[in-house]
Amino acid sequence: MKKLVIITVPLLSLLVSGCMSLPTYMDQSADQNSVHDMTNGVNYRINPGFSSAALSCVAMMPLELSEDSREIIEFTQTGMENREELTELAYDHQLSPEDKQELVRRFLQGHMAAYPTRLVSRKKVDEAIRKLGGKPSDSIIAQRVGCRWLLKGNITKFSVVKMGLFSSLRVGAELQLVRANDGFIAWEGSHLASSSEGALPLSPIDLVIGIFKANRIINADEMESVTSDMARRLVHTMPLDPDNMLVAASRANQFFQVAASHLNLRTGPGTRFSVTKVLNGAEQVALLESSRDRPWYRVRTTDGFEGYVSKRYLEPLEQRNN
């Protein structure tokens with residue numbers, strides 16, 4: 001008896017041609033405990049206590065490498081011609097862990113350069129760390145390079161996954177913009193960018209084409225393309241420019257803190273509605289809805305609860321980072 005093999009259209013399209021999916025931007029600012037989309041989402045959070053005018057410069061620290069990012073990647077010859085003329089990095093036929101670190105940093109700084117925030121060169125940061133020796137504190141490094149804001153983080157994924165005639169290149173990072181003197185996190189974000197290639201072997205010729213397509217992704221041009229996409233998408237969510245649409249959307253909600261020792265969060269705008277949670281003094285909430293003729297705000301807490309509170313017991317969140 002012959003077996004019937006059914007291939008769905010999405011799977012067929014994935015195997016027949018290359019694929020680089022579009023990302024979904026996910027603002028975590030009002031809900032720190034929301035689930036992150038690690039496959040295609042660009043997850044970011046702007047601290048409600050941060051003022052965009054305060055970020056005058058950024059120094060990019062060396063990035064850590066996860067275990068999933070340390071494997072050396074061997075390139076195919078495809079697209080490798082004249083690589084020494086096309087890149088400032090030293091790699092030619094393989095990508096070492098050190099190459100990966102510098103490649104991600106280079107594209108991050110390149111995309112950040114489009115914004116008005118002053119950037120400290122990677123060379124100056126690395127030289128300062130080398131001269132200080134050991135493991136200098138963030139505050140000492142910041143003093144040495146003359147910039148109090150540091151971009152820190154780790155490369156969570158930088159690898160090629162091969163499954164038969166299908167290959168996928170994945171590059172991901174988790175980053176933070178940190179104020180060096182006190183560890184205040186102004187922004188944090190994570191994203192995993194990917195690109196895939198392959199073909200469905202319907203004939204011997206298709207088999208050859210499939211092998212070619214699966215191997216085509218393992219080249220320097222594709223590595224740089226995916227790395228650039230990952231860096232560009234994360235930089236797009238950073239508070240480097242107040243006119244950035246994503247930053248403006250994140251600030252659409254006003255943030256307040258509780259100005260009483262305890263405050264009831266209710267299901268409706270009035271004391272006749274039941275209490276769902278008791279908020280503690282100085283607890284932060286995001287304003288979702290207000291009315292001039294009503295003394296109640298609809299708010300969302302940092303752990304995701306929504307409800308109504310009396311606005312007389314709220315005060316605007318202090319902008320402490322100016």
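Computed from a prediction, not measured in an experiment: that's the story for all the values here.
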Within the 4.5 Å heavy-atom criterion, are [X] and [Y] side-chain neighbours or not?
| X | Y | answer |
| --- | --- | --- |
| H236 | H191 | no |
| D126 | R105 | yes |
| D229 | S195 | no |
| F158 | V226 | no |

Under the salt bridge (Lys or Arg N to Asp or Glu O under 4.0 Å) test against D138, which residue among K152, R148, R144, R179 passes?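 In the set K152, R148, R144, R179, the residue that makes a salt bridge (Lys or Arg N to Asp or Glu O under 4.0 Å) with D138 is K152.
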For atom [atom1] of [X], decide whether the heavy atoms of other residues, nucleotides or ligands shown that lie under 6.0 angstrom number more than 12.
| X | atom1 | value |
| --- | --- | --- |
| R312 | CZ | no |
| E64 | CD | no |
| Y313 | OH | no |

Remaining members of the apolar cluster that contains V145, side-chain heavy atoms under 4.5 Å: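 ILVMFWY cluster around V145 also holds M61, V120, V125, I129, L132, I140, I141, L150.
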Under 3.5 Å, is there a donor-acceptor pair between the side chain of N264 and the main chain of R266?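 Here the side-chain-to-backbone pair does not exist.
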Among D99, L169, V171, whose side chain to side chain contact (heavy atoms under 4.5 Å, CB included) with M223 holds?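 Only match with M223 under side chain to side chain contact (heavy atoms under 4.5 Å, CB included): L169.
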Hphob cluster co-occupancy, F305 + F256, side-chain heavy atoms under 4.5 angstrom: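 Hydrophobic grouping puts F305 with F256.
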Restricting to side chain to side chain contact (heavy atoms under 4.5 Å, CB included), what partner residues turn up for K123, sequence neighbours left out?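 S121.
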Regarding E127 and R130, does a basic nitrogen lie under 4.0 Å from an acidic carboxylate oxygen?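 Looking at E127 and R130, the cut-off is met.
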